[in-house]
Amino acid sequence: MLTADIPPNHSIYIQNLNERIKKEELKRSLYCLFSQFGRILDVVALKTPKLRGQAWVTFSEVTAAGHAVRQMQNFPFYDKPMRLQYAKAKSDCLAKAEGTFVPKDKKRKQEEKVERKREESQRPNTANGPSANGPSANNGVPAPSFQPSGQETMPPNNILFIQNLPHETTSMMLQLLFEQYPGFKEIRMIDAKPGIAFVEYEDDVQASIAMQPLQGFKITPQNPMVISFAKK
DNA sequence: AGCACA
């Protein structure tokens, strides 16, 4: 089994992410998407040359990470199928919580210990030449199946915007879910736009209270719903 | 492809 000889970990390692998405939006969207599996302790994404297109999501429970890796494999996210594995190392946030966190310079020393075997008198100048990566015009990738496109960062609103619903979803199904929370007013769906819905509450606070427990709720196994505040 | 915590 080539896929992963990596032992279970609280953190999952995600690759093949859309590199055009800004770091903060990416982290927000990953948080929304993965919170269905359990409590998320941290999301890490860097845009450095070596680390772009990748992210780590750390769960409070290893079992949550396991479910995430299996169920979200190849999930189309910003138009690209996610590749998921367990992370290879423990996340710093967890190590800090356990009090076993080793600051970075000490970590370096440990690595050097291993490298001492190959002690080289001098490093040949084979290091990275000037990067030949021009700003390649990211060949326009259109209309993904799941495109949060900044919605997560909307300010609170009494209307919620729901995405990634299976096309067979009815407003009655959604009502059963959303009316459990106080202040519920109505569901609005648009026949010409399957897969999305608007849910109205009396006020912003009630809307955000409903958003949290229903975030990532699955009407079918393939459709964790993605909830954000509607645009004003 | 690429396994970090700015």
Side-chain angles (χ1 to χ4, degrees), chain A residues 1-35 37-118 123-141 144 148 152-153:
Chain A
M1 301 217 283
L2 305 169
T3 43
D5 328 333
I6 304 163
N9 192 305
H10 284 80
S11 299
I12 61 173
Y13 170 62
I14 309 167
Q15 48 186 300
N16 200 39
L17 294 168
N18 189 324
E19 296 177 9
R20 291 171 303 155
I21 310 305
K22 289 193 301 293
K23 191 170 66 177
E24 285 313 315
E25 182 188 338
L26 183 68
K27 286 163 75 168
R28 276 293 281 146
S29 297
L30 288 170
Y31 189 95
C32 288
L33 197 62
F34 282 100
S35 52
F37 298 103
R39 172 142 223 95
I40 292 177
L41 302 180
D42 200 15
V43 179
V44 171
L46 293 295
K47 293 276 259 185
T48 60
K50 193 158 288 183
L51 293 172
R52 61 189 171 197
Q54 301 151 79
W56 291 260
V57 175
T58 303
F59 294 92
S60 63
E61 302 294 335
V62 178
T63 51
H67 292 141
V69 167
R70 276 175 274 114
Q71 293 187 44
M72 297 305 276
Q73 201 61 258
N74 300 317
F75 182 82
F77 186 63
Y78 290 108
D79 210 27
K80 299 186 70 178
M82 293 199 257
R83 302 290 151 57
L84 306 177
Q85 298 176 323
Y86 289 116
K88 286 179 179 167
K90 175 181 292 189
S91 100
D92 282 359
C93 71
L94 218 62
K96 280 172 184 162
E98 295 173 351
T100 59
F101 178 64
V102 185
K104 50 195 167 186
D105 44 325
K106 293 203 173 181
K107 230 189 254 177
R108 284 287 161 92
K109 279 189 181 176
Q110 284 187 317
E111 287 163 15
E112 281 167 23
K113 220 185 282 177
V114 179
E115 280 192 19
R116 199 164 298 174
K117 292 177 182 177
R118 323 184 107 258
R123 240 168 220 290
N125 53 352
T126 53
N128 323 334
S131 71
N133 312 342
S136 66
N138 300 319
N139 305 340
V141 186
E152 296 73 18
T153 55

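Computed from a prediction, not measured in an experiment: that's the story for all the values here. A note on names: the letters A, B, ... follow the listed sequences, proteins ahead of strands, and every chain is numbered from 1.
Here B/dA1 presents its P atom at 14 Å from NZ of A/Lys88, a figure rounded to the nearest Å. Regarding A/Tyr13, its OH atom lies at a distance of 10 Å from the C1' atom of B/dA4, rounded to whole Å. Rounded to an integer number of Å, the gap from NZ of A/Lys80 to C1' of B/dA1 is 11 Å. One interatomic measurement links the two molecules: CD1 of A/Ile6 to P of B/dC3, which rounds to 10 Å at whole-angstrom precision. The NZ-P distance, from A/Lys27 to B/dA6, rounds to 8 Å in whole Å. Whole-Å rounding puts the A/Arg52 CZ to B/dA4 P distance at 16 Å. In this structure, A/Asp42 places its CG atom 13 Å from C1' of B/dA6, rounding to the nearest Å. The distance between atom CD1 of A/Ile12 and atom P of B/dC3, rounded to the nearest whole Å, is 16 Å.
Comparing B/dC3, B/dC5, B/dA6 against the side chain of A/Thr48 picks out B/dA6 as the nearest.
Neither side chain, A/Asn18 nor A/Lys80, offers a donor N or O lying under 3.5 Å from an acceptor on the other.
For A/Thr100, the side-chain hydrogen bond (donor to acceptor under 3.5 Å, both in side chains) partners at least two apart in sequence or on another chain are A/Glu98. Applying the ring pair (Phe, Tyr, Trp, His ring centres under 6.0 Å) criterion to A/Phe59, with sequence neighbours excluded, gives no partner residue. Remark: A/Thr63 pairs with A/Glu61 by the side chain to side chain contact (heavy atoms under 4.5 Å, CB included) rule, at least two apart or across chains. Considering only residues two or more places apart in sequence or on other chains, A/Leu46 meets the side chain to side chain contact (heavy atoms under 4.5 Å, CB included) condition with A/Val44, A/Thr48, A/Leu51. Scored by the side chain to side chain contact (heavy atoms under 4.5 Å, CB included) test, A/Val43 finds A/Lys27, A/Leu30, A/Tyr31, A/Ile40, A/Val57 as partners (sequence neighbours excluded).
Side-chain to base pairing of A/Gln15 with B/dC3: no donor and acceptor N or O lie closer than 3.5 Å to each other.
Nucleic acid contact class of A/Leu51 (heavy atoms, under 4.0 Å, all strands): sugar-phosphate only.
Residues from residues 54-65 of chain A that place a heavy atom under 4.0 Å from any atom of DNA chain B, listed by number: A/Gln54, A/Trp56.
For NZ of A/Lys22, the number of neighbouring non-hydrogen atoms (other residues, nucleotides, ligands) closer than 6.0 Å is 12 at most.
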